[in-house]
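A short write-up of the structure that comes next.
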2 protein chains.
Amino acid sequence: MNIKTIAQMAGVSVATVSKIMNNYTDVGEDTKQRVLKIMEETGYKPSSSAKTLATKRSNLIGVVFAGELNSDLSHPFFISVLDAFKRQIGVLGYDLLFFSNEKFSQEKEDYWARCRHFQVEGCIIIAGDQVEPSIHMLDRSDIPCIGIDIRLSGDNSAYLMSDNAKISSRVVEHFYMSGYRDIGFLGINRVSEVTTTREVAFKESLEMFGLNMNPDWFVYSDDFEEESGYRAMKAMIARGQLPKALFAVTDLLAFGALRAIREHGLRIPDDIALIGCDDLLACQYTDPALTSVKQDKEKMGKLAAMMLYDMINKQMDPKSVIIEAELVVRQSCGAKSI
Amino acid sequence: MNIKTIAQMAGVSVATVSKIMNNYTDVGEDTKQRVLKIMEETGYKPSSSAKTLATKRSNLIGVVFAGELNSDLSHPFFISVLDAFKRQIGVLGYDLLFFSNEKFSQEKEDYWARCRHFQVEGCIIIAGDQVEPSIHMLDRSDIPCIGIDIRLSGDNSAYLMSDNAKISSRVVEHFYMSGYRDIGFLGINRVSEVTTTREVAFKESLEMFGLNMNPDWFVYSDDFEEESGYRAMKAMIARGQLPKALFAVTDLLAFGALRAIREHGLRIPDDIALIGCDDLLACQYTDPALTSVKQDKEKMGKLAAMMLYDMINKQMDPKSVIIEAELVVRQSCGAKSI
DNA sequence: TGAAGTTACGAAAGCGGTTTCGTTTGCGTT
DNA sequence: AACGCAAACGAAACCGCTTTCGTAACTTCA
């Protein structure tokens with residue numbers, strides 16, 4: 001069942017059928033209706049590959065996760081962003097192509113090659129931990145790219161990122177206002193734009209508030225797993241010196257820390273106050289409920305879709321955007337209440 | 001940069017280049033190396049649409065979420081399964097095409113039409129709550145489909161499902177062995193294979209153990225959100241009559257119930273024991289940690305990929321599989337310990 | 001040495017659409 | 001009656017790759 005069949009059934013040429021599908025104006029109303037009716041009855045759908053081949057447009061957006069550790073889909077934050085992105089880009093007429101993570105993929109081609117292979121019209125690149133070199137090739141290519149939490153720099157790229165510096169300063173400020181002076185940090189041993197920014201800003205904020213940085217209160221996890229956060233916190237506890245408040249760069253790490261603290265017989269927030277970051281759903285269910293910084297994932301995803309659409313279809317100059325984040329106060333940080 | 005360019009550069013015909021890419025044997029070793037070198041240097045990648053057009057094979061698997069409520073990606077259980085699926089299917093040489101949910105999509109075509117449009121070679125269908133009619137068209141089509149938690153029946157379909165009946169009986173048995181006799185149920189008001197099976201099996205198990213079914217202890221949520229579980233539990237509490245133990249068909253509902261119970265000033269498990277289902281990550285972080293039934297998502301996803309692959313490539317008769325689930329005992333159910 | 005069989009390669013016809021450009025037809029105008 | 005013009009449609013080239021089949025050159029073997 002192809003365009004030729006339809007054309008024959010309707011007694012017209014394939015050209016005419018094609019024109020009808022593409023809203024050309026030089027086709028009579030009656031033939032148009034006749035052909036449409038036949039297409040309807042036969043349930044005809046044009047082949048996307050033939051169309052793509054002819055038009056060089058695929059109506060496909062590539063989804064790339066730039067991470068080494070977690071296999072993409074397991075990251076709750078990005079899933080939420082992607083979910084919103086997917087809905088919006090769907091409305092705009094695109095479908096999503098998920099590339100298998102490179103290290104799992106059969107062929108070792110870089111992402112750029114795969115984008116060309118599928119002729120995706122644009123890409124959304126979502127940052128995990130470390131960024132592979134092949135991401136940069138894609139970034140610098142002529143394919144429009146939109147980055148989430150990754151600072152793309154290519155001419156056809158833009159990115160969306162939370163105001164990570166402000167996140168940290170807000171956390172420190174909140175601790176300070178709540179009367180805390182001994183504030184610790186649970187970070188991660190990975191080079192990542194996001195976490196690095198948070199850490200730097202955290203230290204700067206401490207300084208701004210005239211607080212001292214006790215090295216004993218800084219501890220680093222090896223990856224983003226809860227278990228690693230647990231181990232890192234255990235390590236800090238083992239040192240003997242504990243802060244009165246702790247900021248974990250990621251909720252998952254905070255969960256781990258929470259477990260370690262509780263296991264150690266300490267109470268939250270009485271003995272040690274805790275704030276995480278990302279505002280995962282699970283923050284509401286921990287004991288005590290975890291104060292966290294909420295990034296507007298819905299907004300990020302939707303905005304990313306619209307930006308990418310504009311970049312693809314209107315050759316708009318890509319303009320990156322910083323998204324404000326919001327502190328969601330719960331019981332873990334010793335504030336009076338919400 | 002297409003196959004013709006490569007052919008010209010190497011001084012051979014396009015046929016030869018194509019043969020080299022497809023491992024034909026009737027091409028000399030020296031020419032082969034020469035052409036490969038040129039392809040390497042130029043970074044040439046063949047166009048997938050042209051290839052698909054010519055071969056009728058797209059190397060694409062369609063991903064369909066059959067649900068009305070949650071927008072697909074927000075469902076933690078399915079994400080985990082899909083994650084495993086994606087890794088395995090990636091190894092087998094396929095990429096994933098995510099269809100926008102119908103109700104969000106611009107075009108109102110059914111999934112089957114879209115599958116044909118992209119010539120996906122197979123589909124993974126993941127059940128949300130209600131199943132749209134167009135899913136059944138896809139199921140009955142000639143496209144190989146593998147269902148997760150959805151009982152597909154087409155000739156080219158198979159499905160993977162946890163042993164939901166056993167899940168319920170195991171929960172009841174566990175409660176019974178722990179000394180509980182007044183057992184309640186938190187279900188959902190949606191027609192869904194999975195939850196319905198759990199509910200039916202739950203009731204049967206009660207009977208088997210000679211326990212009475214107090215209607216007051218049965219309550220139903222409107223959807224799968226935590227908030228709805230909270231409201232449902234509130235409703236049960238409002239009735240005054242409370243069971244000593246409660247099985248929630250879904251962890252998210254259990255979380256909601258947990259919140260309602262705690263808010264009401266009751267203790268878990270002392271006043272009421274609680275078991276959920278799915279073993280979401282967050283189960284470990286609730287207070288108390290939630291006992292749940294763990295479905296082996298990794299195994300399900302991987303198996304689904306391999307089954308689908310076989311169905312596509314070996315015309316194997318689809319054979320559905322039931323996966324055993326495992327009770328993960330934590331603090332919420334009043335058992336002696338883990 | 002000649003017949004038969006290998007090996008290495010290319011010509012060309014698809015695959016299912018799109019798009020340019022030309023042709024036919026009908027109509028109003030002078 | 002002759003002309004110009006717009007509307008409606010089709011022929012055919014093209015997109016980039018696959019695959020069949022034919023053929024030339026080279027072996028092998030009786």
With distance as the sole criterion, do the side chain of A:K19 and the base of D:dG10 form a donor-acceptor contact below 3.5 Å?
yes
By the 4.0 Å heavy-atom rule, please label A:V17 as base, sugar-phosphate, or nothing.
nothing
Can you tell me if the side-chain N/O atoms of A:T16 get under 4.0 Å from OP1 or OP2 in D:dG10?
yes
Are A:E298 and A:K302 ion-paired here, with the side-chain N under 4.0 Å from a carboxylate O?
no
Does the plane of the ring in A:F99 sit parallel, tilted or perpendicular to the ring in A:Y111? Use 30° and 60° as the thresholds.
tilted
For B:S13 and C:dG10, is the shortest distance between a side-chain N/O and OP1 or OP2 below 4.0 Å?
yes
Between B:N23 (CG) and D:dT18 (P), how many Å, whole number?
11 Å
B:S47 side-chain N/O to D:dG16 phosphate OP1/OP2 under 4.0 Å:
no
Does the distance from a Lys or Arg side-chain N to an Asp or Glu carboxylate O, for B:D155 and B:R140, drop under 4.0 Å?
no
Taking only side-chain nitrogens and oxygens of A:T31, does any of them come within less than 4.0 Å of OP1 or OP2 of D:dA8?
no
May I ask you to verify whether the side chain of A:K56 and the base of D:dG16 hold a donor-acceptor pair under 3.5 Å?
no
Between B:D83 and B:K297, does any NZ, NE, NH1 or NH2 come within less than 4.0 Å of an OD or OE carboxylate oxygen?
no
Please check the phosphate of C:dC21 (OP1 and OP2 only) for any side-chain N or O of A:Y24 closer than 4.0 Å.
no
